[in-house]
Amino acid sequence: MSHMKNAVYFLIITLFTLSSCRENNSETAEKDPENETTSEKEAEYRITGERHFIDGYPPLNQDSLMHVIVEIPTGSIEKWEVEKKSGHLALEKRGGELRRVDYLGYPGNYGMVPQTLLKVEDGGDGDPLDVLILGEPLERGSLVAVKLIGVLKLLDRNEQDDKLIAVVEGSPFFELNDLDELNFEFKGVTSIIETWFNSYKGGNKIEIIGFENKNKAEEILNAGINGYKNK
């Protein structure tokens with residue numbers, strides 16, 4: 001009888017030990033980064049909005065302010081961009097490597113205008129319009145309403161790649177209405193912007209054409225809105 005008691009006792013201890021090992025191994029697997037799936041790792045570099053970031057929002061709000069999806073906050077060096085097909089915001093890759101700017105961080109919040117398109121046949125790059133919003137960093141992936149005050153016209157590898165210049169409510173720039181006022185009230189800002197875009201890719205990839213004021217910026221915006229409607 002004592003042998004049977006010992007056998008039962010040994011079986012209970014063995015089952016308890018095996019159960020503990022399985023639980024410990026399960027916890028280790030959950031915390032082991034090598035067991036993470038590719039999708040779990042890439043989730044860190046992707047933002048999924050409530051809507052498709054390009055197709056899901058109008059380019060203007062009810063007050064005729066321009067909508068912008070913030071892709072890159074002021075000061076950041078990471079190259080995030082909205083994917084045209086999925087509508088997600090993702091950290092770009094090139095040659096399998098995550099892209100970062102080898103220069104100073106962005107001089108403003110960089111983003112794109114939803115439901116706009118500068119068509120290739122019209123000299124554009126086939127992407128939504130780009131915007132630089134002056135002021136402190138805004139949340140990546142946020143939708144903000146901004147006032148358009150001008151545009152920096154430039155070519156990137158001979159493609160039109162203009163950068164609309166805008167200001168957001170709550171910043172010291174929001175009272176401005178055009179680039180003339182910007183240059184008067186905040187001397188040097190346009191020089192910083194021009195120098196940055198002329199330099200951040202290195203070499204001679206960017207050709208700066210120059211700044212245009214609010215009226216020209218609105219023409220470019222309207223062309224982008226019509227380009228999207230007629231795509």
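The analysis underlying the following values was restricted to heavy atoms, covering all of them including side chains, and did not include hydrogens, waters or symmetry mates. The structure displayed is predicted, hence computed values, not measured ones.
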Task: Phe211 side chain near Asn183 side chain, heavy-atom distance below 4.5 Å - done: no

Open item on the list: I need the full list of ring-ring contact (aromatic ring centres under 6.0 Å, His included) pairs touching residues 141-190, with sequence neighbours left out, sorted by first then second residue.
Closed with: Phe173-Phe186

Open item on the list: Among residues at least two apart in sequence or on other chains, which ones pass ring pair (Phe, Tyr, Trp, His ring centres under 6.0 Å) with Tyr57?
Closed with: none

Task: Contact check, side chains of Leu89 and Val82, non-hydrogen atoms, under 4.5 Å - done: yes

- [ ] Would you check if Leu60 and Leu221 make a side-chain contact, meaning some heavy-atom pair closer than 4.5 Å?
- [x] yes

Open item on the list: In the structure I gave you, are the side-chain heavy atoms of Lys214 and Ile149 within less than 4.5 Å of one another anywhere?
Closed with: no

Open item on the list: Would the distance check show the side chain of Asp130 and the main-chain N or O of Lys163 forming a donor-acceptor pair, the cut-off being under 3.5 Å?
Closed with: no

TODO: Report yes if some heavy atom in the side chain of Ser171 is under 4.5 Å from a heavy atom in the side chain of Leu134; otherwise report no.
DONE: no

Open item on the list: When you compare the side chain of Glu83 with that of Arg46, does any pair of heavy atoms fall below 4.5 Å?
Closed with: yes

Task: side chain to side chain contact (heavy atoms under 4.5 Å, CB included) partners of Thr74, counting only residues at least two apart - done: Asn109, Pro137

Open item on the list: Has Arg100 got a side-chain atom pairing as donor or acceptor with Glu78's backbone, closer than 3.5 angstrom?
Closed with: no

Open item on the list: Has Asn230 got a side-chain atom pairing as donor or acceptor with Asn226's backbone, closer than 3.5 angstrom?
Closed with: yes

Open item on the list: For Ile220 versus Val151, what's the shortest heavy-atom pair and its separation?
Closed with: CD1-CG2, 3.9 Å

TODO: Check whether Ile77 and Phe197 end up in the same hydrophobic cluster, where Ile, Leu, Val, Met, Phe, Trp and Tyr are linked by side-chain heavy atoms less than 4.5 Å apart.
DONE: yes

Task: Shared hydrophobic cluster, Val101 / Tyr45 (ILVMFWY, side-chain heavy atoms < 4.5 Å) - done: yes

Open item on the list: Rounded at 0.5 Å granularity, tell me how far CG in Asp161 sits from NZ in Lys205.
Closed with: 13.5 Å

Open item on the list: I'd like to know if the side chain of Lys147 reaches the main chain of Leu176, judged simply by a donor and an acceptor atom lying under 3.5 Å from each other, with no hydrogens or angles considered.
Closed with: yes

TODO: Check Ala145 against Val168 and note the closest heavy-atom contact, atom names and distance.
DONE: O-CG2, 3.8 Å

- [ ] Indicate the ring-plane relationship of Tyr106 and Trp196, choosing parallel, tilted or perpendicular according to the 30° and 60° boundaries.
- [x] tilted

Open item on the list: Quick one about Tyr110 and Lys79 (side-chain donor to acceptor, distance below 3.5 Å, no hydrogens or angles considered), yes or no?
Closed with: no

Task: Note, Leu118 side chain near Glu159 side chain (heavy atom, < 4.5 Å) - done: no

Open item on the list: Is any side-chain heavy atom of Glu212 closer than 4.5 Å to one of Glu219?
Closed with: no

Task: Asp180 backbone acceptor or donor facing Asp178 side chain under 3.5 Å - done: yes

